[in-house]
Amino acid sequence: VTRLKTNEGEIIERPSEGYGKIIATHYNTLEEKGLHERSKSRIFYLRNFHNWIKSMLINEYLTKIKDGKRHNSPIHVLDMGCGKGGDLLKWRKGGITHLICNDIADVSLDQCKSRYYDMKNRNGRDRNSSFIYTIETIAADFTKVRLRKKYKDPSIKLDLVSCQFAFHYGFESLTQAECTMHNAAECLQPGGFFIGTILDSNDLIARIRKSGANIFGNGIFKVEFECDINKPPLFGGKYHFNLDGVVDCPEFLVHFSTLIKLAKKYGLKLVRTEKFYDFYQRMHVDGQQLMGNMKGLETFPPYPNTSLVGTDEDDYTHAEEFLK
Ligand code: SAM
């Protein structure tokens, strides 16, 4: 058991095997809700917005990959923390050839598999059916397991690795962050891309400091810090995140400069980083049609640019040694 000290001096015990099991159990027990049920949810528009962001992001990088390849060359993708397969249709629209789906939550992964076969069967019945990519699934903790060893073909060359709303789970410890990054980079071929979406830790830290307590949020979400907010640890900066019954589990701050440093260690170089608001500003003209198809997005953007103060330099002066 490791002991974590919070700002209030409270001691929190960390399970010796880490938080993976707790996180997996949380996602495994999430109820699968139909579209009708989802449309009544208070975060329906937010989810649509996040889906729009992912669609545009995936499309942007698949386009770059296709531009750099001969026509009809195969495209291989790894989705780390794919969940129930919320992005399966995006991969289909992107015309990929093969998808490796990975998640720590085996029940979610089973749901992902059946969603894929539903999509494939529907396509088979359609007279104008188009090619559907193949999949393989790997139920494993990407922070602890070398995924390559589980691939059907460990010599596969990946064109794209995607980790959507999941990479922050890797920042539980340095060893786990290294393993996560190693998994993201290991089989990427030169010219390939790693794309992902994570929470902005500086924003979280600024908000918690402003709140004057160790918890902030509203009727829809809550973030409760369980680490020192004055000197946030580079790894294991734990907070508990609750989002309207959809997320309710521990997560970890991602110090972005540290992420970049780790990525470099595994042969990746930063191409672009953007806040959702700026991404929306850059993409909303191209993404107008898709937005029109997603209900409720006429009120875009669903939140204003709410960035608060808080820079890497202010919050993480203690990171200098690591970043050298
Ligand atoms: N990427 C999906 C999406 O965008 O719809 C799911 C995102 S959900 C917020 C986070 C997912 O990450 C969950 O399915 C969870 O089980 C998975 N996850 C969390 N920690 C993980 C780990 N250590 N290894 C593999 N998957 C993990």
Side-chain angles (χ1 to χ4, degrees), residues 14-15 17-33 35 38 41 43-44 46-58 77-91 94 99-113 115-116 135 137-151 160-184 194-199 221 223 235-236 238-254 276 294:
R14 176 177 181 260
E17 75 280 12
Y19 287 98
K21 256 194 204 147
I22 295 173
I23 294 166
T25 306
H26 162 67
Y27 282 104
N28 271 335
T29 45
L30 266 188
E31 231 182 288
E32 173 78 328
K33 293 194 176 119
L35 183 63
R38 285 205 303 270
S41 147
I43 56 163
F44 179 62
L46 182 73
R47 289 179 84 156
N48 279 353
F49 180 53
H50 288 173
N51 258 316
W52 179 84
I53 298 248
K54 289 193 291 176
S55 297
M56 298 305 292
L57 181 67
I58 285 171
V77 177
L78 163 66
D79 190 344
M80 294 170 66
C82 64
K84 299 169 196 283
D87 294 339
L88 288 172
L89 208 55
K90 301 177 185 69
W91 300 123
L99 178 68
I100 306 176
C101 302
N102 154 250
D103 204 281
I104 193 172
D106 54 332
V107 177
S108 300
L109 205 57
D110 284 346
Q111 284 167 357
C112 171
K113 225 192 281 183
R115 268 193 186 179
Y116 166 80
I135 60 162
T137 54
I138 301 171
D141 181 342
F142 61 51
T143 73
K144 293 186 177 156
V145 175
R146 281 276 290 284
L147 296 181
R148 185 172 75 89
K149 295 191 175 166
K150 307 254 172 195
Y151 295 166
L160 185 68
V161 175
S162 169
C163 188
Q164 304 301 331
F165 299 103
F167 196 79
H168 42 282
Y169 293 111
F171 265 58
E172 187 175 339
S173 66
L174 170 60
T175 330
Q176 286 172 276
E178 282 183 326
C179 180
T180 308
M181 197 47 103
H182 196 177
N183 279 324
F194 169 54
I195 56 173
T197 41
I198 48 169
L199 282 88
F221 82 98
V223 175
F235 305 97
K238 181 170 170 261
Y239 57 89
H240 194 93
F241 184 50
N242 186 305
L243 178 66
D244 206 34
V246 179
V247 185
D248 186 16
C249 71
E251 298 195 346
F252 303 93
L253 296 170
V254 176
F276 282 8
M294 288 179 158

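Read the numbers this way: they start at 1 and go in the same order the structure lists the ligands and their atoms. Keep in mind that the numbers below use all heavy atoms, side chains included, and drop hydrogens, waters and symmetry copies.
- Note that CG of Asp87 is 9.5 Å distant from CZ of Arg115, once rounded to the nearest 0.5 Å.
- One distance of note links CG of Leu253 with NZ of Lys238; it measures 11.5 Å at 0.5 Å rounding.
- To the nearest 0.5 Å, the span separating OH on Tyr27 from CD1 on Ile104 amounts to 11.0 Å.
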Do any nitrogen or oxygen atoms of ligand 1 lie under 3.5 Å from a protein nitrogen or oxygen, and which ones?
| residue | atom | partner | partner atom | Å |
| --- | --- | --- | --- | --- |
| ligand 1 | 1 (N) | Gly81 | O | 2.7 |
| ligand 1 | 1 (N) | Gln164 | O | 2.9 |
| ligand 1 | 4 (O) | Lys54 | NZ | 2.7 |
| ligand 1 | 5 (O) | Lys54 | NZ | 3.1 |
| ligand 1 | 14 (O) | Asp103 | OD1 | 3.4 |
| ligand 1 | 14 (O) | Asp103 | OD2 | 2.7 |
| ligand 1 | 16 (O) | Asp103 | OD1 | 2.6 |
| ligand 1 | 23 (N) | Asp141 | OD1 | 2.8 |
| ligand 1 | 24 (N) | Phe142 | N | 2.9 |
| ligand 1 | 26 (N) | Ile104 | N | 3.1 |

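- Ring pair Phe241/Tyr239 is perpendicular by interplanar angle, where above 60° counts as perpendicular and below 30° as parallel.
- Remark: Lys54 NZ is packed, more than 12 non-hydrogen atoms of other residues, nucleotides or ligands lying under 6.0 Å away.
- With a 6.0 Å radius and a threshold of 12 heavy atoms from other residues, nucleotides or ligands, Lys150 has its NZ atom at or below the threshold.
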